[in-house]
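Atoms within a ligand are numbered from 1 in the order they appear, just like the ligands themselves. Here the structure is a predicted model, which means the values were calculated and not measured.
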Amino acid sequence: MLGRVNHIAIAVPDLIAAAASYRDTLGATVSAPQPLPEHGVTVVFVELPNTKVELLEPLGDASPIAAFLEKNPSGGMHHICYEVEDILAARDRLTASGARVLGNGEPKTGAHGKPVLFLHPKDFFGTLIELEQV
Ligand code: CO
């Protein structure tokens, strides 16, 4: 069911500083900040040869990463995104096996314009999983 790692997401308290660190200290190619109000985050993409890193900063009052940053004030790895071919088939298989899909269970449009779902971290060894249909 799982395909490639699409991206690894890191929540950061200061997106401009984090992007500068990836660009200037680590020597990576980084995108301009992209606000995603429907997801409550602003994103910078770090382009790597084999995958991407997403740097996430809270946007708005009800950001889903606000509580994470309260617990991890200097930032931390927030989720890993795996590609799937058919997100509805993946969801149905997961829910049939007892895994919990976050939200209302319907895919949302993610940062790359593709349908995404998130799986409860307690069902997968303490790691929030995003599935993205490619
Ligand atoms: Co993501």
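- With rounding to the nearest 0.5 Å, the separation of CG in L102 from NE2 in H120 is 6.0 Å.
- More than 12 heavy atoms of other shown residues, nucleotides or ligands fall within 6.0 angstrom of atom CZ in R100.
- A donor-acceptor contact shorter than 3.5 Å is absent between the side chain of T109 and the backbone of K114.
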request  = Apply the test ring-ring contact (aromatic ring centres under 6.0 Å, His included) to residues H7 and F45: give CA-CA distance (whole Å), side-chain angles for both, the deciding distance (0.1 Å), then the verdict.
outcome  = CA-CA 9 Å; H7 61 270; F45 300 106; 7.6 Å; no
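- Here the straight-line distance linking atom CG of D14 with atom CG of L69 works out to 11.0 Å at 0.5 Å rounding.
- E54 and H78 share no donor-acceptor pair across their side chains, judged by distance under 3.5 Å alone.
- Around the Co ion (ligand 1), the protein N, O or S atoms closer than 2.8 Å are H7 NE2, H79 NE2, E130 OE1, listed by chain and residue number.
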